[in-house]
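Have a look at the structure below, then the notes.
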Amino acid sequence: MKAVKFGGTSMSTAESLLRVKSIVQSDAERRFIVVSAPGKANGESKVTDMLIAVSEQAPDRRASAFSPVRARFERILDGVGLDRSVLSGELDGIVRVLPTSDREFIVSRGEYLTAIVLANMLGYDFVDAAELIEFDAAGYNDARTESLCGERLAKRRSAVVPGFYGCTADGGIQTFSRGGSDVTGAIVARAVGASVYENFTDVDGFMTCDPRIVPHASIIDMLTYKELRELAYMGANVLHPESIFPVRKANIPIHILNTFNPNAAGTAIVPTEEFLSGKYTRTKKLPITAIAGKPHFFSLFIDKSMMNAEIGFVRRVLSCFEKLEIPVEHIPSGIDSMTVVFSAVEKDTVDALIDAIRKEVKPDHISLTTDVALIAIVGHEMRSRPGTAARAITRLSNAGINLRMIDQGASEINIILGVSDDDFERALIALNGEFEI
Ligand code: ASP
């Protein structure tokens with residue numbers, strides 16, 4: 001059985017909802033469906049953004065601010081051939097409580113209403129996510145959520161569940177961060193023991209490189225969870241970054257598919273260990289899987305003779321980052337020097353950081369570079385194939401691009417290269433050309 005999530009573009013108009021209906025009905029295994037709120041369409045904003053705007057109004061103005069949301073759902077009902085009475089009670093109820101509702105409740109209503117519409121179109125049960133997912137101070141509570149889902153979903157044949165939100169222990173509503181319906185889909189997939197978590201979006205899959213920079217980038221047919229994490233970190237954000245954790249725990253593959261091109265093969269994201277043990281194979285054998293990158297990092301170079309003999313040197317440097325709450329991205333190091341790469345922060349924070357490091361470890365030299373772009377070359381294939389780093393470096397040097405940093409973890413799943421922000425796009429194009437992915 002399959003758990004299937006449809007994103008905002010797939011739910012944006014009556015036409016797209018009819019498409020979703022036929023996709024679900026084309027495969028009897030598609031029994032548990034998670035939906036986003038309608039996304040942008042015909043010049044209208046995402047329903048979630050419309051609801052955020054409603055929640056920001058003074059209580060007595062919220063009902064009128066909600067009118068365009070109501071009209072949008074009524075148009076959807078008309079277009080899919082459902083009676084407006086399917087939502088009239090719900091819509092009236094929401095309008096009634098708007099003045100006293102908190103932001104989370106208001107913002108979650110897009111998914112709530114959309115799931116009711118689709119459940120009616122399919123003849124599936126509607127199950128409110130507030131009965132399935134429970135949040136505590138640290139985020140959604142995995143154990144509690146698993147047991148709630150077990151109770152509420154196990155005996156059903158089919159259901160539509162709104163994405164993006166759950167409840168709090170005191171009965172309120174809490175949302176995930178934006179795009180969080182992907183996480184709901186993964187939670188539901190695990191709860192129902194799905195054979196696959198299909199995630200329908202509006203692109204054909206993950207690309208080997210950012211197509212805005214490298215136009216001939218192609219679709220990756222298969223990625224492992226680990227490769228996905230590396231790429232997501234570098235900004236390849238087809239999926240919400242937290243969405244892999246529930247399915248990874250249960251070894252359920254994710255399949256990225258396109259609602260508007262459902263015959264495209266898409267991208268399968270498979271459990272890393274199972275991939276490495278040979279259970280899955282890619283259709284194309286390439287030297288690497290993908291290249292992704294992000295500009296605007298800072299890098300701090302710290303040099304001190306005999307640094308390697310000074311016990312606790314690295315820890316003391318890192319404690320300065322910790323005190324100032326600056327997340328560290330990479331730490332390439334030499335014998336007498338180390339470099340710490342981190343996302344750009346305000347000038348005051350950098351000044352405080354440099355002061356703190358000077359006091360803490362008394363370096364011989366410390367200098368900051370503020371225009372570092374990081375590029376990750378990702379792929380399990382590198383492990384058994386010597387020369388990937390050499391090819392990348394040679395290609396950059398032939399293109400006249402200065403390499404500022406190189407970092408390869410022992411897992412050999414990625415090579416991180418640092419270049420200047422100005423060279424970022426040229427470097428991506430050059431590397432893509434080198435590995436022909
Ligand atoms: N509707 C929410 C958003 O726009 C959640 C989602 O689509 O996953 O972020």
Side-chain angles (χ1 to χ4, degrees), residues 3-13 16-17 19-20 23 32-56 65-66 68-70 72-73 76 87 90 94 101-119 126-130 132-133 135 139-140 145 159-167 173-190 197-203 206 228 232 235-247 254-260 269:
V4 191
K5 182 250 165 180
F6 289 94
T9 331
S10 311
M11 311 309 289
S12 59
T13 60
S16 63
L17 266 133
R19 227 172 223 286
V20 165
I23 290 173
F32 288 88
I33 316 295
V34 172
V35 294
S36 285
K40 279 189 199 151
N42 310 326
E44 282 186 293
S45 333
K46 291 182 175 189
V47 163
T48 306
D49 289 324
M50 296 164 86
L51 291 168
I52 291 173
V54 173
S55 74
E56 285 164 355
F66 187 74
V69 178
R70 180 178 197 124
R72 182 124 179 225
F73 278 101
I76 287 178
L87 287 185
E90 296 293 344
I94 293 170
S101 297
D102 64 9
R103 179 187 188 279
E104 299 288 288
F105 172 82
I106 298 173
V107 170
S108 69
R109 293 304 87 185
E111 272 71 10
Y112 176 81
L113 294 165
T114 311
I116 295 177
V117 175
L118 188 66
F126 164 78
V127 181
D128 192 353
L132 301 177
I133 297 172
F135 283 83
Y140 81 92
T145 296
V160 181
V161 176
F164 189 40
Y165 71 92
C167 67
I173 292 288
Q174 186 163 334
T175 57
F176 287 100
S177 56
R178 296 300 300 265
S181 302
D182 285 338
V183 190
T184 314
I187 290 171
V188 169
R190 182 187 58 187
Y197 167 27
E198 292 183 332
N199 189 297
F200 276 87
T201 171
D202 54 1
V203 293
F206 263 89
L228 173 71
N237 49 8
V238 174
L239 269 180
H240 189 290
E242 278 173 52
S243 56
I244 61 169
F245 299 115
V247 278
I254 307 173
H255 198 171
I256 307 287
L257 290 160
N258 187 353
T259 299
F260 304 94
I269 301 157

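If you read the sequence from its start, that first residue is 1, and numbering goes on from there. Whatever order the structure lists them in is the order used to number ligands and atoms, beginning at 1.
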- Query: Applying a strict 4.0 Å limit to heavy atoms, is Gly110 in contact with ligand 1?
  - Reply: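 Judged by the 4.0 Å heavy-atom criterion, Gly110 does not count as contacting ligand 1.
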- Is the backbone N or O of Ile133 less than 3.5 Å from a side-chain atom of Thr145, with the two atoms forming a donor-acceptor pair by type?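 No.
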- Message: With a 4.5 Å cut-off on side-chain heavy atoms, are Lys46 and Ser36 touching?
- Response: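 No, every pair of side-chain atoms sits at 4.5 Å or beyond.
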Which residue supplies the protein heavy atom nearest to [atom], what is that atom called, and how far is it?
| atom | value |
| --- | --- |
| atom 7 (O) of ligand 1 | Ser36 OG, 2.9 Å |
| atom 6 (C) of ligand 1 | Ser181 OG, 3.3 Å |
| atom 4 (O) of ligand 1 | Arg178 NH2, 2.9 Å |

- Task: For the pair Tyr112 and Phe105, evaluate ring pair (Phe, Tyr, Trp, His ring centres under 6.0 Å) and give the outcome as yes or no after the intermediate values.
- Result: CA-CA 10 Å; Tyr112 176 81; Phe105 172 82; 7.9 Å; no
- Query: Is there a donor-acceptor contact under 3.5 Å linking the side chains of Asp202 and Thr9?
  - Reply: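 There is such a pair between these side chains.
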- Query: Does the ring of Phe245 carry Arg190 above it, NZ/CZ under 6.0 angstrom from centre and within 45° of its axis?
  - Reply: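 No, a cation-pi geometry is absent between Arg190 and Phe245.
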- Task: Check each heavy atom of His240 against ligand 1 and say whether those closer than 4.0 Å belong to the side chain, the backbone, both or neither.
- Result: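 No part of His240 is near ligand 1 at this cut-off.
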- Would you say Gly8 and ligand 1 have an N/O pair spaced under 3.5 Å apart?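 Gly8 vs ligand 1: no N/O contact under 3.5 Å.
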- Message: Which of the numbered atoms in ligand 1 are under 4.0 angstrom from any heavy atom belonging to Glu111?
- Response: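 Result: 1 (N), 2 (C), 5 (C), 6 (C), 7 (O).
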- Can you label the angle between the Phe176 ring and the Tyr140 ring as parallel, tilted or perpendicular, going by 30° and 60°?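 Perpendicular.
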